[in-house]
Amino acid sequence: MSGQSHRLPSGGRIDRSKTVRFSFDGRSYEGHPGDTLASGLIANGVHLTGRSFKYHRPRGITTSGSEEPNALVTTGEGGRTEPNVPATMVELHDGLVARSQNRWPSLSFDLMAVNSLLKPFFPAGFYYKTFMWPRSFWYRLYEPAIRRAAGLGTIADQPDPDVYEHSYAHCDVLVVGAGPAGLMAAQAAARAGARVVLADERAVPGGHLAGEAIEVDGRDSAAWAQGICDELDGLENVQMLLRTSVFGRYDGLTFGAVERVGDHLGNDSSGDLRQRRWTIQTRQFVCATGAIERPLVFGDNDRPGIMLAGSARHYVNQYGVLPGRKVVVATNNDDSYLTARDLARAGADVTLIDSRREKDVTGHALLPGETEVRYGQCVTQTCGKLHVSSARLADISEPDHIRSELPCDLICTSGGWNPTIHLLSHCGARPKWDSAISAFAMAKVENGVHMVGGAAGTFELQKCLQEGVAAGVAAASACSRKARKPAAPKTEKLPEYRIQPLWRLPDTISKASASFVDFQNDVTIADLELADREGFGHAEHAKRYTTLGMATDQGKLSNVNAIGVLSELRGTPIAETGTTTYRPLYTPAALGTLAGQRQGAEFRATRHSAMHQWHEKNGAVFTEAGLWLRPYYYPREGEDFAAAVKREVLNARSAVGMVDVSTLGKIELKGPDSGQFLDRLYINSFSKMKTGRARYGVMLREDGMVFDDGTVTRLADDHYFITVTTANASGVMQHMEFCHQVHWPDLDVQFCSVTEVWAAMAVAGPKARDVLSRVVDGIDLSNEAFPLQSVADARIGDAFVRVLRISFSGELAYEIYTPADCGLGVWEAIMEAGAEDGISAYGTEAMTVMRTEKGHVAGPELDGRTTADDLGLGRMMSQRKDYIGRWLSQRSGLTGAGRSQLVGLKPITNSDTFRMGAHLVTEPGTIGPDVSQGHVTTSVYSPACDHFIGLALLQDGRSRTGERVYVASPLHNEQVEAEVTGPVFVDPDGERMRG
Amino acid sequence: MQIPCPWCGSRPLDEFEYGGDATKKRPEGKKQENMEAWVDYAFLHDNVAGRHKEYWQHVGGCRCWLIVTRDTRTHEIIKSEFAVPQLRSNQR
């Protein structure tokens with residue numbers, strides 16, 4: 001027990017047979033398994049754990065739970081560094097490394113503590129009011145400097161090596177909180193046969209019972225809780241989630257939670273699971289989240305050694321440590337009498353200061369005879385440097401007059417208990433002020449929600465147990481699990497909880513010293529007064545004005561105190577002062593946990609075509625297209641991007657090339673009304689197209705804009721196959737399903753996405769027929785037998801292939817479709833057959849160059865703002881049928897003069913280049929939306945023309961062929977003179993693809 | 001949040017995609033004089049605070065389009081039915 005100066009000789013629920021070593025700020029200490037970092041530090045007499053956010057005031061351990069505002073530390077090293085962790089929630093393990101935050105050069109000697117002396121000059125809003133001019137200085141100078149001085153911990157500067165995962169749970173009854181009420185609810189529901197999830201943020205069950213010295217069912221309360229927990233853990237229909245913070249409730253009884261799986265184990269090897277994010281879907285929710293104590297607000301109430309009363313006895317009872325030997329308990333309610341009792345029993349010298357009159361108090365029966373109680377008094381101010389050394393006391397009727405000064409090394413403070421209603425309010429329900437307990441509570445809850453125990457404002461243990469049982473039975477029976485209602489266990493009789501609010505002391509005290517309302521964000525009563533004076537007195541306004549409640553603890557200790565103070569300042573009832581809104585997350589969650597496995601390459605799925613291996617082996621550089629990875633270009637030795645693309649294009653135009661087009665969306669349609677269905681989807685007609693033919697088609701959106709394009713192939717009378725653009729594949733499928741199910745359910749057609757079923761490749765170039773004739777069995781590929789727009793089934797080796805003669809490149813070209821598992825074999829067979837003709841693969845960039853040379857539109861032109869006529873496809877629009885988008889494409893504004901139309905562009909000087917997104921203007925040097933006449937949608941270097949070419953959307957463009965315009969990109973300080981041309985640069989009559 | 005799919009049962013929101021206002025019916029007429037009806041159908045939608053009928057598709061499930069009646073203030077789902085009228089009588 002060397003060095004553990006404040007460890008009690010016996011007691012506590014820690015494992016005294018083992019010792020663990022940990023370090024804090026470089027010094028090493030000893031503790032026991034079962035300790036938290038906070039209890040381990042207190043055992044070693046360490047209270048000072050950090051410096052405050054704004055004034056750098058010394059701060060210490062204030063609570064024993066997740067609500068801790070002051071004792072925030074940084075744990076871990078390197079990539080495992082985690083800032084702003086409450087020391088109260090860190091379980092001690094061997095080798096734990098923790099550091100204090102926001103101090104320099106050291107915790108006990110912090111230079112920035114000078115801020116504290118300047119406090120009168122740093123009221124709320126100070127920075128914003130002072131550092132206003134010049135405006136640009138805020139971002140460059142003031143803000144970074146202020147940020148360095150204020151603040152919390154620093155995040156890791158290396159990647160996090162730990163593993164996180166997501167998991168899902170579905171249950172009948174979710175019980176949040178394994179305190180007395182929660183355990184009873186879970187037990188009752190589980191015994192009725194309901195599927196139960198019981199979650200609690202702590203490592204041990206029992207809630208506050210884990211830190212009490214009272215009896216339940218004739219046993220020590222913590223042992224009783226552990227017993228129930230063990231019973232539940234053994235049941236198949238119960239999932240216990242300890243160390244699991246349920247951080248948020250979302251619509252329809254969906255909950256988010258973080259389970260700390262590995263933190264307490266101190267693992268340091270990569271690959272171990274650290275935390276798991278749960279999504280829990282339940283049918284019934286039992287909110288048993290308990291209550292959180294609020295401190296009293298008095299002068300210098302933030303010194304290390306000032307602690308919540310309930311937490312102080314928690315340290316004694318659960319951890320066997322004594323937070324102080326000379327103790328002042330300052331309270332306005334009866335719960336603190338348990339603290340006075342437990343600390344006195346542990347050997348402390350306790351004085352209890354109760355602001356109420358003796359006749360309003362119920363708790364004194366608990367106290368050992370020798371305990372001194374002073375009724376009608378309060379602590380007005382404290383003294384001390386790095387630890388509290390004395391408390392100044394005054395009569396509540398005359399708080400300005402100091403009656404006495406008590407030396408002490410611990411002040412336990414309690415201003416009452418607030419039901420933890422966050423999970424009841426996350427979906428928007430507002431709490432009501434309950435004057436019986438002087439706290440906000442929920443007056444009613446939604447269907448399927450049950451609140452029990454402290455969360456429901458019930459502070460009497462026996463009642464908590466009963467409510468738990470009743471809620472468990474009700475929740476189970478709502479899920480059709482019938483149960484007899486068991487009796488709740490009996491507890492020892494405890495005094496009734498009574499409270500008289502004490503929000504603040506007179507102005508003279510808050511002016512003479514700092515009376516903190518929000519510890520973590522350093523907000524004092526004076527700040528709230530200022531907020532109110534300047535018209536920001538409503539709770540929601542004061543919060544923004546002072547930053548109260550905006551720290552990592554989200555005001556768990558401060559919000560209600562602030563509302564009480566504001567209500568007194570404003571002279572309005574608390575109900576009219578308003579509450580702040582409760583939003584998830586209840587406690588902070590690490591970003592890594594929220595991301596789970598979705599990091600880096602696993603951020604989203606990656607789709608590979610069947611030929612991906614070949615592309616990799618042949619040096620392809622890949623580009624992302626939606627989820628797909630597609631070959632962008634295939635550089636050879638010594639080639640850069642431009643050289644590779646140029647070679648690929650020239651080879652396809654002069655010999656033969658092949659491109660992987662497997663990523664195209666593919667949909668198969670069957671049924672007698674398939675043709676009619678397609679007629680209604682596309683602007684052109686397919687019901688009259690002959691079997692064995694393929695044709696280009698365009699779809700509009702209902703508002704008349706072009707939606708998608710692709711080919712439609714008729715395989716039989718009642719059987720079609722369509723391709724849609726890669727990026728739009730899922731959208732087109734949804735659109736078709738919508739049209740069929742919502743608009744025309746009477747059409748007899750079935751369709752199915754077959755994108756993954758088929759691998760596809762296009763073979764293009766003057767030698768394409770020669771190459772394919774060597775490998776394709778079953779079709780006569782001659783021009784006469786198999787002209788443009790033909791389709792037929794055939795074989796390549798053992799593989800089934802479907803051959804379409806269509807051309808995107810403008811060359812003689814064929815698309816080969818084959819079942820995905822044959823894709824690689826077919827690709828390689830064609831490559832082998834084409835070797836003698838110099839076949840080479842080309843990527844998406846070469847494909848873009850060739851389609852641009854041919855004036856074919858693609859994604860950049862189908863930007864959702866272009867009509868078919870804008871793109872020069874107006875003649876395809878059938879006049880003889882109704883189709884999606886037909887009528888709205890004819891509304892005024894979409895037709896007639898002034899539309900931007902597709903044109904080609906070429907630079908006047910051959911060596912000039914221009915870029916996508918550049919604007920077209922008629923006068924050199926002019927820029928801006930008012931002079932822009934259009935923009936470049938695609939620009940590429942054309943090997944065929946040996947200069948840059950572009951497609952552009954230009955106002956009334958089709959009638960402006962031959963005109964000169966300036967292509968301007970003011971962002972890049974570029975301007976090039978160019979000539980407007982038709983969109984087709986190569987083989988305008990299409991002889992090559994027909995040849 | 002969960003949406004009850006009449007075919008698959010109650011399923012999480014991630015499986016569904018929103019499809020917009022379901023209170024409008026696509027105009028039947030082919031005449032261009034019907035333009036006002038078309039504009040109304042495509043563009044003029046109420047931003048309802050309260051119960052609203054909207055299209056949802058169960059994309060991660062049966063791929064049925066549904067008409068869901070949802071309270072836009074509370075996200076309470078009052079009703080969920082197939083968009084295809086013939087299927088509605090078979091709802092489970």
Side-chain angles (χ1 to χ4, degrees), chain A residues 166 168-170 249-256 279-283 427-429 446-448 680 700-705 730-731 733-748 750-753 878-895, chain B residues 1-4 7 9-22 24-44 53-60 62-67 70-77 81-88:
Chain A
H166 290 175
Y168 296 80
H170 297 259
R249 174 180 157 205
Y250 303 89
D251 295 309
L253 293 181
T254 306
F255 292 80
T279 301
I280 304 171
Q281 181 63 47
T282 187
R283 296 164 73 186
C427 289
E446 305 93 313
N447 267 346
R680 295 186 193 183
L700 306 185
R701 301 191 309 221
E702 196 72 90
D703 68 0
M705 299 300 173
S730 64
M733 186 68 192
Q734 278 184 270
H735 172 69
M736 289 170 62
E737 286 163 331
F738 183 83
C739 291
H740 184 220
Q741 294 177 35
V742 175
H743 299 328
W744 312 304
D746 48 316
L747 288 185
D748 189 356
Q750 299 291 325
F751 48 94
C752 183
S753 167
S878 168
Q879 300 299 313
R880 289 193 299 273
K881 63 175 183 110
D882 191 9
Y883 54 86
I884 296 280
R886 174 172 182 185
W887 301 111
L888 285 171
S889 68
Q890 291 165 29
R891 68 201 144 105
S892 56
L894 297 194
T895 53
Chain B
M1 184 168 162
Q2 299 243 315
I3 294 180
W7 185 257
S10 196
R11 289 289 187 274
L13 182 64
D14 325 15
E15 294 183 8
F16 295 83
E17 256 180 57
Y18 183 64
D21 183 8
K24 297 281 169 81
K25 194 160 167 43
R26 192 168 188 266
E28 291 287 333
K30 295 185 178 181
K31 293 265 161 23
Q32 206 164 348
E33 296 87 76
N34 221 3
M35 192 58 96
E36 252 180 54
W38 280 104
V39 168
D40 181 72
Y41 167 72
F43 300 109
L44 302 178
K53 275 187 167 186
E54 47 202 28
Y55 289 116
W56 287 84
Q57 189 187 12
H58 194 190
V59 288
C62 60
R63 297 197 67 89
C64 284
W65 278 95
L66 310 176
I67 297 172
R70 179 179 68 105
D71 192 316
T72 59
R73 296 163 306 182
T74 62
H75 302 315
E76 183 198 355
I77 291 176
E81 54 188 347
F82 291 118
V84 176
Q86 294 90 318
L87 290 175
R88 279 180 214 153

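This one's a predicted model, so the numbers in the text were calculated from it and none came from an experiment. Numbers restart at 1 for each chain; the letters A, B, ... are given by sequence-line order, proteins then strands.
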Proximity breakdown for Gln281(A) and chain B, heavy-atom pairs closer than 4.5 Å: side chain
Under-4.0 Å salt bridge between Lys24(B) and Glu702(A): no
Side chain Ser889(A), main chain Gly885(A), donor-acceptor under 3.5 Å: yes
Heavy-atom contact with chain B under 4.5 Å, split by part of Phe255(A): neither
Most contacts with chain A, counted as non-hydrogen pairs under 4.5 angstrom, among Cys64(B), Ala42(B), Pro12(B), Pro85(B): Cys64(B)
Toward chain B, the part of Gln734(A) with a non-hydrogen atom under 4.5 Å: both
Pi-cation contact, Trp744(A) with Arg680(A) (under 6.0 Å, within 45°): yes
Closest-packed option against chain B by number of heavy-atom pairs under 4.5 Å, given Asp703(A), Thr279(A), Asp746(A), Val742(A): Val742(A)
Backbone of Lys881(A) reached by a side-chain donor or acceptor of Arg886(A) within 3.5 Å: yes
Choice from Glu17(B), Glu76(B), Arg63(B) maximising heavy atom contacts with chain A below 4.5 Å: Arg63(B)
Close side-chain approach of Trp56(B) to Leu13(B), heavy-atom, < 4.5 Å: yes
